[in-house]
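Comments concern the structure below.
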2 protein chains.
Amino acid sequence: MVFDAIDKRLLEYLQQDSKQTNKELSLKLDLSVTAVYERIKKLEREGFIDSYVAIVNKEKIEKDFVVFCHVKLVQHAQDYVIKFEKAVTSLNEVLECYHISGDYDYLLKVIVRDMPSFREFMVKKLTTIDHIGSTHSMFVISEVKHSTAINF
Amino acid sequence: MVFDAIDKRLLEYLQQDSKQTNKELSLKLDLSVTAVYERIKKLEREGFIDSYVAIVNKEKIEKDFVVFCHVKLVQHAQDYVIKFEKAVTSLNEVLECYHISGDYDYLLKVIVRDMPSFREFMVKKLTTIDHIGSTHSMFVISEVKHSTAINF
DNA sequence: ATATTTTAAGAAAATTATTCGGTTATGGTT
DNA sequence: AACCATAACCGAATAATTTTCTTAAAATAT
């Protein structure tokens, strides 16, 4: 399987707007509609494209209170880690969770409605998970840049 | 404009998979194809849906070295802030940038190929921006959860 | 209770995606 | 350089989907 410069450009376009028609893409890439179609199918089949999603506006649905939470575990025994990761994954306020290097073990991206909701989330959900040592919250004052597109 | 429970479910479905046909959605929502069509158009028009994008697999394109960078400015005069935000936004390794509360001013999500590329990014790009006081990098060991869908 | 507006439905039209058969490039082998 | 095998491409035909249109039913206001 060869992944060439045209595939690269195609992915760039699709990361920007996945609702473009194959005809539009065929003009940009100087290919036939069929060639574009088959390249897209190949990229989907081979796993280059994970999914197609709609990006919704946080403000509009009043879920625009974003907080990054650092979490440290008391111990790092494997079953503690597994349990924590499973628990945190199931929380729908947690959109992202990363195991990271540094002073803390994890970095979580949490999205809720407002500060009271955040308190509720911390008290009733996050800190009820076993083996959490400490947490540290960083509130997002403003989103300067937010893109889902990976540049080559 | 009313945003009801059906719209909510519709957004949930579209955040999961935006390539579903209106017919599939009409079955899930127990509506006609036209009703689904018009609701989607309304959500797009009113700004509930920002865009439709393809999510590409980082590993596949060998851009899966993810780093969160804290950045502190030397001063917070408005023109320093504006310049920094503009400069950082233009860097295509920086997918996300947040102005945050706490010890540091900004949190950046950086995606590159590997550690050498990261070093290159830090030395040649990030730290050449004016007025940066200090930085602190947290390397992602593993991505436990990564979703673009906001839950209601 | 009546008028007005919104929402929904089915059918028709327009556009788009997908399949198909044949052709042209590409890479490797002799 | 000629050969084969494979992959990529194209245009046309078909299938599926989106979009428009017309009308009917709810919901809301007068």
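Source: prediction; values computed, not measured. Each chain gets a letter, A, B and so on, in the order its sequence line appears, and its residues count up from 1.
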Query raised in the report: Would A:E96 and B:H146 satisfy side-chain contact (heavy atoms from CB on, under 4.5 Å), going step by step from the backbone distance to the final call?
Result: CA-CA 4 Å; A:E96 304 174 29; B:H146 192 206; 3.4 Å; yes

**Report entry** Upstream residue (5' side of DNA chain C) when A:Q20 and A:E38 are each assigned their closest nucleotide
**Finding:**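 On the 5' side of the pair lies A:Q20.
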
[X], nearest nucleotide to its side chain (from [options]):
X	options	result
A:A35	D:dC10, D:dT17, C:dA9	D:dC10
A:I6	C:dA9, D:dC9, D:dT18	D:dC9
B:V33	C:dT18, D:dT17, D:dT19	D:dT19

Counting just side-chain N and O atoms, does [X] come under 4.0 Å of either OP1 or OP2 of [N]?
X	N	result
B:Y37	D:dT20	yes
B:K23	D:dA16	no
B:N22	D:dT18	yes

How close or far is atom [atom2] of [N] from atom [atom1] of [X], stated in whole angstroms?
X	N	atom1	atom2	value
B:R39	D:dT18	CZ	P	17 Å
A:L25	C:dT15	CG	P	18 Å
B:D4	C:dT6	CG	C1'	12 Å
B:L31	D:dA25	CG	P	18 Å
B:K41	D:dT17	NZ	P	16 Å
B:E46	C:dT6	CD	P	12 Å
B:L43	C:dT7	CG	P	11 Å
A:K42	D:dT6	NZ	P	18 Å

Report task. Assert yes or no for the condition that the ring centre distance of B:F118 to B:F139 is strictly below 6.0 Å. Result ->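 Ring centroids of B:F118 and B:F139 are less than 6.0 Å from each other.
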
Requested in this report: Take A:D105 and A:H99 through the test side-chain hydrogen bond (donor to acceptor under 3.5 Å, both in side chains) and record every step on the way to the result.
Outcome: CA-CA 6 Å; A:D105 297 317; A:H99 182 196; 5.2 Å; no

Query raised in the report: Please walk me through it: do B:V66 and B:V110 pass side-chain contact (heavy atoms from CB on, under 4.5 Å)?
Result: CA-CA 6 Å; B:V66 184; B:V110 177; over 6 Å; no

Query raised in the report: Quick one: do the A:Y98 and B:K109 side chains pair a donor with an acceptor below 3.5 Å?
Result: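 B:K109 and A:Y98 do have a side-chain donor-acceptor pair below 3.5 Å.
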
Report task. Under 4.0 Å between any heavy atoms, over every strand shown, what does B:T34 touch: base, sugar-phosphate, or nothing? Just pick one. Result ->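 Base contact.
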
